[in-house]
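For reference, the structure discussed in these notes is given below.
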Number of protein chains: 2
Amino acid sequence: MNRAPLSKIRAVTSRDVARAANVSQALVSRAFTGNGRIAAETRERILKVAAEIGWQPNALAAGMVTGDAPLVAVITTRLSFDWRAQVLSHLLSAFQEWHMKPLLFYAESDDEVDRLLVETIAWRTRGVIVTAGNIAHERAEAILERGQFFAALNRPANHQSAFAIATDNPLGGAMAANLLMAEGRRRYLVLAGLRDGWAAAERTRGYVDALRAAGHEPLVWHSQSMTIEVGKECATTFLEFPVDQRPEAVFSTNDAMALGFYDGLRGRGVSIPDDLSLIGFDNLSASSWTPYQLTTFEQPLDTMVSQVLHYIDSHRREDGGAAVPAPMGQRLGDDSVTYCAPTLIRRLTCKGQA
Amino acid sequence: MNRAPLSKIRAVTSRDVARAANVSQALVSRAFTGNGRIAAETRERILKVAAEIGWQPNALAAGMVTGDAPLVAVITTRLSFDWRAQVLSHLLSAFQEWHMKPLLFYAESDDEVDRLLVETIAWRTRGVIVTAGNIAHERAEAILERGQFFAALNRPANHQSAFAIATDNPLGGAMAANLLMAEGRRRYLVLAGLRDGWAAAERTRGYVDALRAAGHEPLVWHSQSMTIEVGKECATTFLEFPVDQRPEAVFSTNDAMALGFYDGLRGRGVSIPDDLSLIGFDNLSASSWTPYQLTTFEQPLDTMVSQVLHYIDSHRREDGGAAVPAPMGQRLGDDSVTYCAPTLIRRLTCKGQA
DNA sequence: CTGAAAGCGCTTACAG
DNA sequence: CTGAAAGCGCTTACAG
């Protein structure tokens, strides 16, 4: 258990490479950045020597000098249940492609997001992208003020100059309602999920509004979380209704609850889609599995991520933010959020009209 | 489309804070690091002024001076299918707790891992942790040589001085075999997955060896990937066997394939566990869902992650690496990998002997 | 307890 | 085309 003193290993620097290649330290820098004049053969030699030594420019030091390290802060939460993991996966892939390094800030729960937003500042990243929790206007303001970008994925940024993009949740809810009404269903239910969840609330709103406009009043069931277990519990409640009073059309604001709802009904004499139609949201991979074949909505993740990256890019060029014209199926909300239409994925939990 | 010139915003620095608080710049630094003497009230004042201005020490600059930014490189791949996402989630959570910032290196496929390992060097992190692909000895060597740590999760590091920890895959395979033999099953099959996948191959080996030792010779089916679709295809092949020649005991080297295998058998007159027993690996959340209730193995992710962090910590203290005595259920392999026993999760796809 | 100064490892004008 | 020098924003001995 003898503990050696904390000795610092002297780092290999561009100076060591310069010495070995018999040039000035400045030339080593030029060889790697490509900036400034340098003879082709000198460059070759330097690169070769550096490779032998195993040296690469220190990105931290370079970032300090240029004031612009290719770093981006990403705020995320627990990656359980698929959808969040998909979002992160797409983002990471895009950053890798655009040669930016994501620095991850992980929130155990949504309340920690605000604190992480503050932590973010120490790293002088190009900007921050938020994929979890709620955003306070002042936080976005503080970050934008520094010249950093600020992007929110699937949530409002609560700031005019920030970029926010999300699935058109109200539209999805309305589409679900219309689909169910077209089937001639009568009694409607929505598994609304979190009372203070933004996306879930928007989906619920779109659904309820569309139904009311047609003279229907749906049941709205809220819950503390949006898991498969919650879905099952909802099924239990559903089964307590007299058979002739049970809802015939169920929209779940996410797939997890829809899957659980389905499971809770198995072996209970209820047939989907004969007795009721069920629609989910997210298009989780599990929704396509044999025992489910759930009709659901796919969120336009590719589009959203690519637009975030265009925003980041345009912010960098300082040409006044995302001047990109809104592609098909997008609209700009009053809340400055760019909304992208979800895609209906028809499977077997609704009556087909193929 | 008029593009403003790329004007650099002058950064707010500790000097600005010093001026505002009427102290030297050095004191501002002391107020934040806690190193060096400083009067309590001076410190308070500086902190207050800094908060007003919204300044925090630039972690990049600090890292350069101290030669030790709290950065760690994490190599990961596509987060699809749950298990990888779980691994990353646990790691991120642990890093957040230990005040280290993960810099993510994302590989689209396993072949890219080697390149990412090289990219890693530019960032002068405390070390790197690999959760995807194969590791070349030279890569680990190059990193360790710099005084960085090197950890491999669920794969061998191929280097004596690196730290590698993994589920005891051969043990899992053997446990599956013993369980199935105890049921009195006769014809054995293993969905072996990737031919060159390390974990899958180890699970297969443990299974096959245990069976052979008891005089059984199992069928071994390899595949190009390890998805639910592959599992389904295996079911199709299975169904082509005459009924009295079909395997009665199936071990799948991951849950995804097991789930697909199950799905492929639905409605085909085969009963699980009456006609055959099925065991998976990973304990994906889906394995516990109503239509599956799959018997499987849980990988000791908590243990593995916490040991990785202890290694990182001990590496930092330079007390000669992980001197931590191996906890229960662990063994050190010839390959310098620390193996942790998986936990059998009994559900309904095996004959119970409750 | 406080301040002036050196230095971390780079990049980039500025001379030559 | 090349080199010497300044400077990025900090931390940490070193004096006082």
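In what follows, chains are A, B, ... by sequence order, proteins preceding strands, each numbered from 1. Values reported hereafter were calculated over all heavy atoms of this structure, with side chains retained and with hydrogens, waters and symmetry mates removed. All values reported here derive from a predicted model rather than from experimental measurement.
- A donor-acceptor pair shorter than 3.5 Å cannot be found between the side chains of Q307(B) and T338(B).
- For D68(A) and R316(A), the salt-bridge test passes: some basic side-chain N is under 4.0 Å from an acidic carboxylate O.
- For the pair K101(B) and F105(A), the cation-pi criterion (under 6.0 Å, within 45° of the ring axis) is fulfilled.
- In this structure, M64(A) atom CE and dG7(C) atom C1' are separated by 11 Å, rounded to whole Å.
- Atom CD1 of I129(A) and atom OG1 of T131(A) lie 7.0 Å apart (nearest 0.5 Å).
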Donor-acceptor contacts, no H, no angles, side chain residues 35-54 of chain A, under 3.5 Å, sequence neighbours left out:
{"from": "R43(A)", "atom 1": "NE", "to": "A31(A)", "atom 2": "O", "distance (Å)": "3.0"}
{"from": "R45(A)", "atom 1": "NH1", "to": "A21(A)", "atom 2": "O", "distance (Å)": "2.4"}

Under the criterion side-chain contact (heavy atoms from CB on, under 4.5 Å), I'd like the reasoning laid out for L153(A) against V130(A): C-alpha separation, chi angles, the key distance, then a yes or no.
CA-CA 6 Å; L153(A) 200 60; V130(A) 184; over 6 Å; no

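- E108(A) meets the salt bridge (charged side-chain N to carboxylate O under 4.0 Å, His left out) test with R78(A); sequence neighbours excluded.
- Here the P atom of nucleotide dC1(D) and the CG atom of N22(A) are 19 Å apart, to the nearest Å.
- A salt bridge links R19(A) to D16(A): at least one charged side-chain nitrogen sits closer than 4.0 Å to a carboxylate oxygen.
- Put simply, CD1 on I121(B) is 17 Å from C1' on dG9(C), counting in whole angstrom units.
- As a whole-Å value, the separation of R19(B) CZ from dG9(D) C1' is 13 Å.
- The two residues I135(A) and N158(A) come nearest to each other via the heavy atoms O-ND2, 2.7 Å.
- If you take CZ of R37(A) and P of dT2(D), they are 10 Å apart, rounded to a whole angstrom.
- Under the rule for a ring pair (Phe, Tyr, Trp, His ring centres under 6.0 Å), W83(B) has no partner lying at least two apart in sequence or in another chain.
- The structure places CZ of R115(A) at 5.0 Å from CD of E112(A), a figure rounded to the nearest 0.5 Å.
- A stem is defined here as three or more consecutive Watson-Crick or G-U pairs, each with both distances under 3.5 Å; for DNA chain D these stems are C:1-3 with D:14-16, C:5-12 with D:5-12, C:14-16 with D:1-3.
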Given protein heavy atoms under 4.0 Å, the one-letter contact record of nucleotides 10-15 of chain C, with B base, S sugar-phosphate only and - none, is simply BBBB--

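- What separates CG of L27(B) from P of dG16(D) is a distance of 18 Å, to the nearest Å.
- Non-hydrogen atoms lying under 4.0 Å from DNA chain C are contributed by nothing in residues 39-53 of chain A.
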